Engineer: 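Mind having a look at this structure? Questions to follow.
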Amino acid sequence: MPASIKKPPYAGKPGPEGYNGTDVMPPEITAKMRIAGKIAREAMEAGAALIAPGVSTDAIDVAVHEYLIAHDAYPATLEYQGFPKSCCTSVNEVVCHGIPDARPLEDGDLVKIDVTAYYDGVHGDTCATYACGTLDEASQLLMERTKKAMFRGIKAVKPGRRVNVIGHVIEAYANRFGYGVVRDYTGHGCHVAFHSGLIIPHYDSARFDDMMEPGMTFTIEPMLTLGDYRTETWDDQWTVVTLDKSRCAQFEHTLVVTENGSEILT
Ligand code: MF3
Ligand code: CO
Ligand code: CO
């Protein structure tokens, strides 16, 4: 890590300090988040360009890391609560928080890459699912429909609505296909804080009734499965898998609420 790259305050600490501030950001912050978001997306794409049978997720991690630091951004996951790598790579039944490793990818693998850039004091957080070689039809459809589910959630963003509207539309769409909608991991307020405490559910829940307002910035990142929505975590304390080992797809954008909808920052 070059000394010129500014680390976030939580890097190398046991955990982030709790964030107590607002999720409504002024234009100066969202302007910086647009840059952080673009860097995160491009780093993710640089990693995704390597996906092929025989390539390891470690190689993807290196590409993401190099892209981020070449663009003056810090990989927010690196040393975040002890996470050891510069992105999350989650394959097949791994839901999220997969740790890049040396195992070669195989033809037919469903590969999620999740990158968070920390740039000039703000975060851009994005994830997409990619095919390694040729996917079976069920996985291909899951991937396409999870992306559509995310965009349906994004279209539901408007000031004056409660955040559970997002979960309502995503779950209603997922139900058409009998997909599981992961509940244990959610979207989150994301700006100067990586995870602010604001929760954006991807399922219908009256509990999450925060009102959306212009300037609010958060992620929408549905995880849909071919089976059950329940998850468990490996002994490594990070790798989250579906309880029934069914495959999972995920897409994520960071966005800002505008006067009449939202703007995607990633
Ligand atoms: N980027 C993930 C998210 O969407 C968080 C990863 S935290 C890590 O919120 F520690 F697992 F890397
Ligand atoms: Co996120
Ligand atoms: Co993410």
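Each ligand, and each atom within it, is numbered from 1 in the order the structure gives. Side chains included, hydrogens not; waters and symmetry mates left out as well; all remaining heavy atoms used. Remember, predicted model here, so these are calculated numbers, not experimental data.
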Engineer: A52 and L105: which non-hydrogen atoms are nearest, and at how many Å?
Structural biologist: O-CB, 3.8 Å

Engineer: Verify the distance criterion only: is there a donor paired with an acceptor across the side chains of Y179 and R145 at less than 3.5 Å?
Structural biologist: yes

Engineer: Please check: side-chain N/O of T258 versus main-chain N/O of G261, any donor-acceptor pairing under 3.5 Å?
Structural biologist: yes

Engineer: Please tell me whether L135 and L224 are part of a single hydrophobic cluster in this structure, the criterion being side-chain heavy atoms less than 4.5 Å apart.
Structural biologist: yes

Engineer: Does H188 put an N, O or S atom under 2.8 Å from the Co ion (ligand 2)?
Structural biologist: yes

Engineer: D125: which N/O/S atom is nearest the Co ion (ligand 3)?
Structural biologist: OD1

Engineer: Using heavy atoms and a 4.0 Å limit, tell me yes or no: is Q81 in contact with ligand 1?
Structural biologist: no

Engineer: May I ask you to test the I154-I264 pair for a side-chain heavy-atom distance under 4.5 Å?
Structural biologist: yes

Engineer: Taking the six-membered ring for Trp and the single ring otherwise, decide whether the centroids of Y80 and H195 are under 6.0 Å apart.
Structural biologist: yes

Engineer: Should you measure from each heavy atom of H188, which atoms of ligand 1 turn up under 4.0 Å away?
Structural biologist: 3 (C), 4 (O), 9 (O)

Engineer: Side-chain contact, heavy-atom cut-off 4.5 Å: D114 with T126?
Structural biologist: no

Engineer: Return the closest protein heavy atom for atom 2 (C) of ligand 1 as residue, atom name and distance.
Structural biologist: D114 OD2, 3.4 Å

Engineer: To check your reading of the model: name the closest protein heavy atom to atom 9 (O) of ligand 1, its residue, and the distance in Å.
Structural biologist: H195 NE2, 2.7 Å

Engineer: Do any nitrogen or oxygen atoms of T77 lie less than 3.5 angstrom from nitrogen or oxygen atoms of ligand 1?
Structural biologist: no

Engineer: Can you list the ligand 1 atoms lying under 4.0 Å from a non-hydrogen atom of T116?
Structural biologist: 1 (N)

Engineer: Just to check, does Y185 reach to within less than 4.0 Å of ligand 1 when the distance is taken from its heavy atoms?
Structural biologist: no

Engineer: N/O to N/O below 3.5 Å, does that happen between H97 and ligand 1?
Structural biologist: no

Engineer: Tell me the protein heavy atom at minimum distance from atom 7 (S) of ligand 1, and give that distance in Å.
Structural biologist: Y80 CD2, 3.8 Å

Engineer: Would you mind running through ligand 1 and noting each atom that sits below 4.0 Å from a heavy atom of E252?
Structural biologist: 4 (O)

Engineer: Look at the side chain of T57 and the backbone N and O of I60, then say whether any donor-acceptor pair between them is shorter than 3.5 Å.
Structural biologist: no

Engineer: Would you say the Co ion (ligand 3) has E252 as a near neighbour, meaning an N/O/S atom of that residue under 2.8 Å away?
Structural biologist: yes

Engineer: Looking only at N, O or S atoms, find the one in E221 nearest to the Co ion (ligand 2) and name it.
Structural biologist: OE2

Engineer: How does C127 reach ligand 1, if at all, at less than 4.0 Å between non-hydrogen atoms: by side chain, backbone, both, or neither?
Structural biologist: neither

Engineer: Taking the six-membered ring for Trp, are the ring centroids of Y185 and H202 within less than 6.0 Å of each other?
Structural biologist: no

Engineer: If hydrogens are left out, which of L78, T219, T126, D125 has an atom nearest to atom 3 (C) of ligand 1, that is, the closest non-hydrogen atom?
Structural biologist: D125

Engineer: Ring centres of H191 and Y19 under 6.0 Å apart?
Structural biologist: yes

Engineer: Below 3.5 angstrom, do we get any N/O pair linking E221 and ligand 1?
Structural biologist: yes

